[in-house]
Amino acid sequence: MSDNTMAYQLHDVDCVRGTATVLEGVSLDVNRGEILALVGPNGAGKSTLLAVMAGGIGPSPGRGVLQGKDIATFSPRELARLRSVLLQSNQVSFSFSVRDVVLMGRSPWAATSDDETDERVVRRAMADADVEHLANRSFQALSGGERARASLARVFAQDTEVVLLDEPTASLDLRHQEDVMVAARRLADEGKAVVVVLHDLSLAAAWADQIAILAGGRLVEVGVPADTINADLVKRVYGIDVHVLSDPSGRMVIVPQRP
Amino acid sequence: MHNAPLAIGRRRTFVLVGLIALALVGATMSAMNGQLTASAADVMGSILHGLGIDTALRTEDALIEQTLLQIRFPRIAMSLLVGAALAVAGAVMQSIFGNPLAEPGVVGVSSGAALGAATALALGITAFGGWTVAIFAFVGGFVSTILVYFTARSDGRTEVVTLLLTGIAVNAFAGAGLALMMFAGGSAEREQIVFWQLGTMNGSRWSEVLIVLAVTVPTMVWAGILAGRYDILALGERAAAHLGVNVERLRIVSIVLVALLTAVGVAFVGIIAFVGLVVPHMVRMLLGPGHRWLLPVSAVGGAVLLVWADLFARTWVSGSDLPIGLLTSLIGGPFFFYLVRSARARAGGWA
């Protein structure tokens, strides 16, 4: 694959926390214009991998290469203009409104952007995350799902080439789960690289261009969902028997075998 | 919804102008009242005289002029400056602790600073001349801020309970230290230490006001420059870092700012608690949590609170001077109860 489609590369990344090895020898390419789903059982190292990609944890040894440059060489501000991150839990101290919070997503661009651009980007981000009607509500007063969406709008407003989402669908209802994936799809279609941690294999299979399966801190498999996911692999990684079915549109659906 | 930005803009101007007016009225009334009564014209004439402009307004009563220039004006200036500094210190502290109950007096930064100041005094240290007490107060305040910060915080936030327990520990230790210094010092030092514990503007001198001015004004401006970053810090440390804020540097700088703002006040007027709690909270209720307005409006609000509290302290009981720290705690204590209760209601009980 040529370099200009490559948004992010991880080379042989290890991550040790305390005495536990959380990641071991992970190499991964993230392409522009694609959604990469990170899946795996609890404690597989998905969030840690995302944190390494975000630049919050130094990969040791190993290297993260963002847009052709080593991740460790960026300043916090430069990094903030290249990649945005949605964390699993999102809290806000003090009663900032949803609009305020989304507008904070524009802060890395303060020096180069103007009010009009900010306004336009914020409005679209809030529409994509379906939080326009919450604009003047206090973030603290929102439900869990609404908080997740407001935070997602903040990430969209940051308008970066690489978007890292840690379980964006975790606390959302069925419709909003789909909405989030539609929004992620649109970002990818605009040429951005989207990395998303998901628990729902069917959701991952339906929306991702590439799926990366982590288990025990190692990358088990990477590839196009249809070629990658099968009952054997799921059994091996998750320790559960599943049916791999296809829905009327031909997309893969993974359900546990139930007695 | 379209009117919202306009309405908030108008409200901000209204609140800011109103507070500045209150500060000016308070300062003038404070200058006029006391054991000697001065007229507004006397006050004006003396201000102009002090600035080197002699006008027809200048009073012929030398005693009044002396009282105004040497006693009341520095005292008023001190109240305004310390009030502003404490309110800004509170707002900055609440931002980096991610908790609206963080306040220099409550968590022990003020008593830490008082202990530092008392140590310099009781042991007769004068290494830095007129700045000695202020510098020792800063060291005491800095150490206690660091201590509370690293004890009470986890994952970028501060549990209310942990924060308050840490505050109790720091306050208890500093209180014991102060008591120790009382034994170590002579009777003059003892009196001075008691005065620190209560807080009073009494006896403020121009030389002290200048030191407070030189420290607090640049420090408050500095805090104001960081306002945008304090907003983003409300998202939590990791999210703020993802938005390009150098969190590590911001919090160290902020701890220094808080220690400077608190300590320089404590060094010359003693412990005045709750200003940093009450004022930013009120401003947030009126204007919302954005720090670009919270910090400057809190500064003016703190100045208003202390200039009026000091006027009240001087004139309530005729012929005596109540400690101002006692007054602010009388107002602040119940207010604190209310805040703790509402914080508990929000958090759904203590975890």
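Per chain, numbering begins at 1; letters A, B, ... match sequence-line order. Since the structure is predicted, the reported quantities are computational estimates derived from the model, not experimental observations.
- Between the CG atom in B:Asn246 and the OG atom in A:Ser75 there is a gap of 9.0 Å [rounded to 0.5 Å].
- Atom CZ in A:Arg77 sits 9.0 Å away from atom CG in B:Leu243 (nearest 0.5 Å).
- Take A:Asn42 and apply the side-chain contact (heavy atoms from CB on, under 4.5 Å) test, not counting sequence neighbours, and it matches A:His199.
- More than 12 heavy atoms of other shown residues, nucleotides or ligands fall within 6.0 angstrom of atom CZ in A:Arg186.
- Within residues 148-169 of chain A, the residues approaching chain B closer than 4.5 Å by heavy atoms are, in numerical order, A:Arg154, A:Gln158.
- Between the CZ atom of A:Phe94 and the CG atom of B:Asn99 there is a distance of 7.5 Å, given to the nearest 0.5 Å.
- Within 6.0 Å of the CZ atom in B:Phe150, the count of heavy atoms belonging to other residues, nucleotides or ligands exceeds 12.
- Between B:His242 and A:Ala54, the closest heavy-atom pair is NE2-CB, 3.7 Å.
- If you measure heavy-atom distances from B:Ala241 to chain A, the contacts under 4.5 Å come from the backbone alone.
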Cut-off 3.5 Å, no hydrogens considered: what does the side-chain donor-acceptor table look like for residues 271-284 of chain B, sequence neighbours left out?
residue: B:Arg284; atom: NH2; partner: B:Gln94; partner atom: OE1; Å: 2.7

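- For A:Tyr8, the side chain to side chain donor-acceptor pair (under 3.5 Å) criterion is met by no residue, not counting sequence neighbours.
- Minimum interatomic distance between A:Ala80 and B:Gly244 (heavy atoms only, all atoms of both residues): CB-N, 3.5 Å.
- The minimum heavy-atom distance linking A:Phe96 with B:Asp231 is given by the pair CZ-OD1, 3.5 Å.
- Within a 6.0 Å radius of CG in A:Asp114, more than 12 heavy atoms belonging to other residues, nucleotides or ligands are found.
- With a 6.0 Å radius and a threshold of 12 heavy atoms from other residues, nucleotides or ligands, A:Glu190 has its CD atom above the threshold.
- The nearest pair of heavy atoms linking B:Ile232 to A:Ser107 is CD1-OG, 3.1 Å.
- Residue contact with chain B, scored on non-hydrogen atoms closer than 4.5 Å, involves the side chain of A:Leu87 exclusively.
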